[in-house]
Asks: 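Pasting a structure here, questions to come.
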Amino acid sequence: MAFRAVKGMNDVLSNDSPRWQRLERAFQRQARLYGYEEVRTPVVEHTDLFVRSIGEVTDVVEKEMYSFQHHRDALTLRPEGTAGATRAYVEHKVYARETVTRWYYLGPMFRAERPQRGRYRQFYQAGCEIYGDPGPVADAEMIDMLVGLFRQLGIGELQVAINSLGGSATRQRYREALTEYFTPQVGALSAHAQERLGKNPLRILDSKDPKDQAVAAGAPSMLDVLDDADREHFDGLKRALDALETPYVVEPRLVRGLDYYTRTSFEIRSEAGELGAQNTLAGGGRYDNMVEELGGPATPAIGFAMGLERILLAMPESAAADRAGCYIMPLGSAALPKALTIAREVRARGVRVECDGRGQSLKSQMRRADSLGMRACIVLGEDELSRGVVQLKDLEKHTQREVSFTEIAEQVRALCTVSAEAGGA
RNA sequence: GUGGGUGUAGCUCAGUGGUAGAGCACUGGAUUGUGGCUCCGGUUGUCGCGGGUUCAAUUCCCGUCACUCACCCCA
């Protein structure tokens with residue numbers, strides 16, 4: 001056991017990968033149904049990109065990034081997907097090609113945090129971004145799409161939380177109002193909150209420390225300082241969600257840890273499955289200033305990311321798969337060459353085949369075929385070999401018949417295809 | 001960065017100051033060549049690592065490392 005995976009970075013072995021694939025396919029299907037197309041961006045970006053977009057005084061930038069120097073470049077493993085996507089959007093002047101852009105992505109992200117349940121140093125996010133649509137209808141549809149996806153995956157106990165952080169002017173006003181409110185009560189705050197007061201007072205609002213919560217309870221609400229346009233936008237979001245009959249709760253203290261959010265911000269949580277304390281499945285919001293800040297024209301944008309590991313923790317086990325595939329059991333080395341060519345013929349017809357070349361007892365091979373969930377098996381011994389036939393057994397119906405070499409591939413295909421179609425219906 | 005928990009077979013875990021067990025898994029047989037149930041047998045361990053106490057430590061003590069959960073923050 002000399003080598004181990006790097007702390008917080010996990011292998012997905014074959015017993016888990018079907019669940020991953022099911023989730024990824026469901027996400028991609030849902031995203032395409034809503035008009036998104038895939039974008040793939042590099043895992044490594046210039047460090048400045050993240051500092052500029054996520055914000056210099058965020059936890060992510062201050063202490064969670066995997067940054068390194070390569071020759072003259074300061075580089076960072078992406079801690080999230082929006083910055084890279086927006087960089088690509090600006091770099092390729094996509095805004096000049098189309099007025100509204102809808103992208104989805106899926107891949108690993110990296111944050112050097114202390115690992116725990118539902119939080120890893122290399123973790124997988126899937127996300128969507130819309131550029132060029134100011135909302136709020138787009139915002140509501142995005143939230144509704146996520147709720148629909150989670151329901152399809154069988155995840156229950158969902159909660160949608162929404163808030164509006166206002167535009168940048170509003171946000172500045174609110175920040176001042178909060179500083180004014182908290183400063184006289186500094187002593188009543190936790191040490192942590194006291195540090196934040198100067199840098200980012202909004203974060204005190206979602207502190208879980210009871211001391212902070214007590215003080216924050218009386219703080220002015222973000223919703224009270226929204227300007228008319230912000231308020232109209234937020235009301236529009238709520239109306240659209242109502243129209244879609246998507247349940248939500250307004251959480252005026254929902255503040256997300258990335259600085260780029262403006263106006264709409266939201267989280268989707270669940271209490272289901274084996275989720276621990278990290279029960280936010282997806283989070284996102286508007287970032288109407290980022291395109292311009294990264295050098296493009298003023299372009300409204302909204303996006304979200306969801307954590308695949310967390311969703312997998314919340315997903316119920318799927319029903320056992322139907323029997324499929326064929327196991328070939330040659331008995332004795334003389335039967336092996338014929339077994340191999342039969343295996344290839346059957347595979348050519350689209351049926352999964354495993355040929356057992358280990359030379360073990362028939363009982364052992366049978367056990368293995370069964371535990372693999374095979375639908376059929378072929379027994380080829382000396383007697384069959386000399387007569388040009390095999391025994392074809394249906395492991396589900398416990399029936400067996402003799403089939404000639406010339407017909408075996410087609411017979412297996414018929415057996416396994418029928419079973420697959422019946423199972424899928 | 002802070003705090004708690006756990007390290008014993010491939011997996012899940014019992015256990016004892018006198019150098020280890022169960023279930024599952026794997027495998028052989030009961031059935032000269034037929035799975036899922038049953039029965040009988042077999043294989044697998046530096047008891048995380050280092051030090052201390054002791055005649056003797058997997059067990060007690062100290063340290064260390066790893067894993068894990070929670071705080072923080074986020075997906």
Side-chain angles (χ1 to χ4, degrees), chain A residues 1 4-8 10 13 15 54 57-64 79-82 106-127 146 190-193 195-196 200 203 206-210 212 254-258 261 266-270 274-285 303-314 320 323 327 329-332 335 358 360-385 390-400:
Chain A
M1 296 286 274
R4 314 180 119 270
V6 173
K7 187 186 187 74
N10 305 113
L13 300 184
N15 49 327
I54 297 171
V57 292
T58 56
D59 280 18
V60 169
V61 167
E62 279 178 337
K63 52 189 191 193
E64 294 172 2
E80 56 100 56
T82 299
L106 188 152
M109 307 295 164
F110 302 83
R111 293 184 199 173
E113 302 175 273
R114 191 80 159 254
Q116 67 188 71
R117 179 177 291 276
R119 179 162 70 208
Y120 311 101
R121 292 184 171 181
Q122 173 172 333
F123 61 104
Y124 287 78
Q125 282 191 340
L146 274 169
S190 68
H192 223 85
E195 277 177 44
R196 285 179 183 155
N200 206 340
R203 295 287 194 72
D206 61 358
S207 168
K208 286 174 190 165
D209 190 309
D212 298 335
L254 176 68
V255 176
R256 318 209 64 259
L258 276 46
Y261 288 119
F266 62 92
E267 279 186 8
I268 301 180
R269 311 182 192 113
S270 172
E274 297 171 35
L275 278 170
Q278 311 302 320
N279 65 348
T280 299
L281 299 179
F304 72 84
M306 55 190 222
L308 301 193
E309 288 88 348
R310 289 185 189 177
I311 293 165
L312 288 166
L313 286 170
R323 284 183 176 274
Y327 203 81
M329 308 175 182
L331 299 176
R358 300 175 301 166
Q360 284 181 292
S361 73
L362 183 61
K363 178 196 282 284
S364 165
Q365 297 189 50
M366 277 287 181
R367 256 201 278 256
R368 181 162 164 77
D370 183 56
S371 71
L372 285 171
M374 292 290 185
R375 175 62 200 264
C377 72
I378 293 173
V379 177
L380 177 57
E382 284 178 30
D383 176 49
E384 286 84 2
L385 190 62
V390 299
Q391 304 298 329
L392 173 60
K393 182 166 185 175
D394 182 334
L395 290 169
E396 186 175 294
K397 294 188 174 148
H398 317 279
T399 56
Q400 181 171 328

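Just so we're clear, the structure is a prediction, and the values are computed from it rather than from any experiment. Lettering of chains follows the sequences in order, A, B, ..., and the numbering in each one begins at 1.
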Asks: Quick check: does any side chain N or O of A:Arg323 sit under 3.5 Å from a backbone N or O of A:Glu396, one acting as donor and the other as acceptor?
Replies: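 Not at all, since once roles are kept as given, no pair shorter than 3.5 Å links the two residues.
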Asks: At what distance, to the nearest 0.5 angstrom, does CZ of A:Phe304 lie from OG1 of A:Thr82?
Replies: 10.0 Å
Asks: Tell me every residue that passes side-chain hydrogen bond (donor to acceptor under 3.5 Å, both in side chains) with A:Asp394, counting only those two or more places apart in sequence or in another chain.
Replies: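 Expected list: A:Arg375.
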Asks: Who passes ring-ring contact (aromatic ring centres under 6.0 Å, His included) against A:Phe123, sequence neighbours left out?
Replies: none
Asks: Check every strand shown and say whether A:Gly284 touches a base, only sugar-phosphate, or nothing at a heavy-atom separation below 4.0 Å.
Replies: nothing
Asks: Check every strand shown and say whether A:Tyr120 touches a base, only sugar-phosphate, or nothing at a heavy-atom separation below 4.0 Å.
Replies: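 Base, at least one base atom sits under 4.0 Å.
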Asks: Between B:rC61 and B:rU68, how far apart are the C1' atoms? Round to whole Å, please.
Replies: 24 Å
Asks: Could you state the CG-P distance from A:Asn15 to B:rU12, rounded to the nearest angstrom?
Replies: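 In whole Å, B:rU12 P lies 12 Å from A:Asn15 CG.
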Asks: Can you check the distance between B:rC11 and B:rC26, where both ends of the measurement are the C1' atom (answer in whole Å)?
Replies: 12 Å
Asks: Show each protein N/O and nucleotides 25-35 of chain B N/O combination with a separation under 3.5 Å, one pair to a line.
Replies:
| residue | atom | partner | partner atom | Å |
| --- | --- | --- | --- | --- |
| B:rG33 | O6 | A:Glu384 | OE1 | 3.4 |
| B:rG33 | N1 | A:Glu384 | OE1 | 2.9 |
| B:rG33 | N1 | A:Glu384 | OE2 | 2.9 |
| B:rG33 | N2 | A:Glu384 | OE2 | 2.9 |
| B:rU34 | O2' | A:Lys393 | NZ | 3.3 |
| B:rU34 | O2 | A:Lys393 | NZ | 3.1 |
| B:rU34 | O2 | A:Gln400 | OE1 | 3.4 |
| B:rU34 | N3 | A:Gln400 | OE1 | 2.9 |
| B:rU34 | N3 | A:Gln400 | NE2 | 3.3 |
| B:rU34 | O4 | A:Gln400 | NE2 | 2.8 |
| B:rG35 | O2' | A:Asp370 | OD2 | 3.2 |
| B:rG35 | N7 | A:Lys393 | NZ | 3.3 |
| B:rG35 | O6 | A:His398 | ND1 | 2.4 |
| B:rG35 | N1 | A:Leu395 | O | 2.3 |
| B:rG35 | N1 | A:His398 | ND1 | 3.4 |
| B:rG35 | N2 | A:Arg323 | NH1 | 3.4 |
| B:rG35 | N2 | A:Arg323 | NH2 | 2.8 |
| B:rG35 | N2 | A:Asp370 | OD1 | 2.8 |
| B:rG35 | N2 | A:Leu395 | O | 2.6 |
| B:rG35 | N3 | A:Asp370 | OD1 | 3.1 |

Asks: Under 4.0 Å, heavy atoms only, any strand: does A:Ile311 hit a base, just the sugar-phosphate, or nothing?
Replies: nothing
Asks: Counting only side-chain nitrogens and oxygens, does A:Gln116 get under 4.0 Å of the OP1 or OP2 atom of B:rA70?
Replies: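 It does, given that an N or O in the side chain of A:Gln116 lies less than 4.0 Å from OP1 or OP2 of B:rA70.
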Asks: In whole Å, I'd like the distance from the CZ atom of A:Phe266 to the P atom of B:rA75.
Replies: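 Result: 10 Å.
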Asks: Once you round it to whole Å, what is the distance between P of B:rA75 and CD of A:Glu267?
Replies: 7 Å
Asks: Does any N or O in the side chain of A:Arg117 come within less than 3.5 Å of the main-chain N or O of A:Glu274, such that one atom is a donor and the other an acceptor?
Replies: yes
Asks: On the nucleotide B:rC69, are OP1 or OP2 found under 4.0 Å from the side-chain N or O atoms that A:Arg117 carries?
Replies: yes
Asks: In whole angstroms, how far is the P atom of B:rA75 from the CZ atom of A:Arg121?
Replies: 18 Å
Asks: Taking only Lys NZ, Arg NE, NH1 and NH2, and the carboxylate oxygens of Asp or Glu, determine whether A:Glu113 and A:Arg119 approach each other closer than 4.0 Å.
Replies: yes
Asks: Supply the atom-to-atom distance A:Met109 CE to A:Gln122 CD, rounded to the nearest 0.5 angstrom.
Replies: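 It is 10.5 Å, given to the nearest 0.5 Å.
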Asks: Assign A:Ala282 to base, sugar-phosphate, or nothing according to its heavy-atom contacts below 4.0 angstrom with the strands shown.
Replies: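 Sugar-phosphate, backbone atoms only, no base.
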Asks: Measuring only between side-chain heavy atoms, which start at C-beta, is A:Phe110 closer than 4.5 Å to A:Arg121?
Replies: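 No - every pair of side-chain heavy atoms lies 4.5 Å or more apart.
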Asks: Reckon A:Gln278 touches a base, only the sugar-phosphate, or nothing at all at heavy-atom distances under 4.0 Å?
Replies: base
Asks: What's the spacing between A:Leu254 CG and A:Glu267 CD if we round to 0.5 Å?
Replies: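 Rounded to the nearest 0.5 Å, the CG-CD separation comes out at 5.0 Å.
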Asks: Give me the distance, rounded to whole Å, that separates B:rU6 from B:rU54 when you measure between the P atoms they each carry.
Replies: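 To the nearest whole Å, 28 Å.
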Asks: Over how many whole Å does the gap from A:Glu274 atom CD to B:rU68 atom C1' extend?
Replies: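 For the pair A:Glu274 CD and B:rU68 C1', the rounded distance is 14 Å.
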Asks: When you measure from the side chain of A:Gln125 to the backbone N and O of A:Gly107, does any donor-acceptor pair fall under 3.5 Å?
Replies: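 No: the side chain of A:Gln125 does not pair with the backbone of A:Gly107.
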Asks: Given Watson-Crick or G-U pairs with both distances under 3.5 Å, what dot-bracket string fits RNA chain B, with | for other-strand pairs and [ ] for crossing?
Replies: (((((((..((((....[..)))).(((((.......))))).....(((((..]....))))))))))))....
Asks: Give me, pair by pair, the N or O atoms of the protein and of nucleotides 1-8 of chain B that are less than 3.5 Å apart, along with how far apart they are.
Replies:
| residue | atom | partner | partner atom | Å |
| --- | --- | --- | --- | --- |
| B:rU2 | O4 | A:Arg114 | NH1 | 2.8 |
| B:rU2 | O4 | A:Arg114 | NH2 | 3.4 |

Asks: Where do N or O atoms of nucleotides 64-67 of chain B meet protein N or O atoms at under 3.5 Å, pair by pair?
Replies:
| residue | atom | partner | partner atom | Å |
| --- | --- | --- | --- | --- |
| B:rC67 | OP2 | A:Lys7 | NZ | 2.9 |

Asks: Side chain to side chain contact (heavy atoms under 4.5 Å, CB included) for A:Leu258 and A:Thr58? Distances and angles first, verdict last.
Replies: CA-CA 6 Å; A:Leu258 276 46; A:Thr58 56; 5.5 Å; no
Asks: To the nearest 0.5 Å, tell me how far A:Leu392 CG sits from A:Glu384 CD.
Replies: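 That separation rounds to 12.0 Å.
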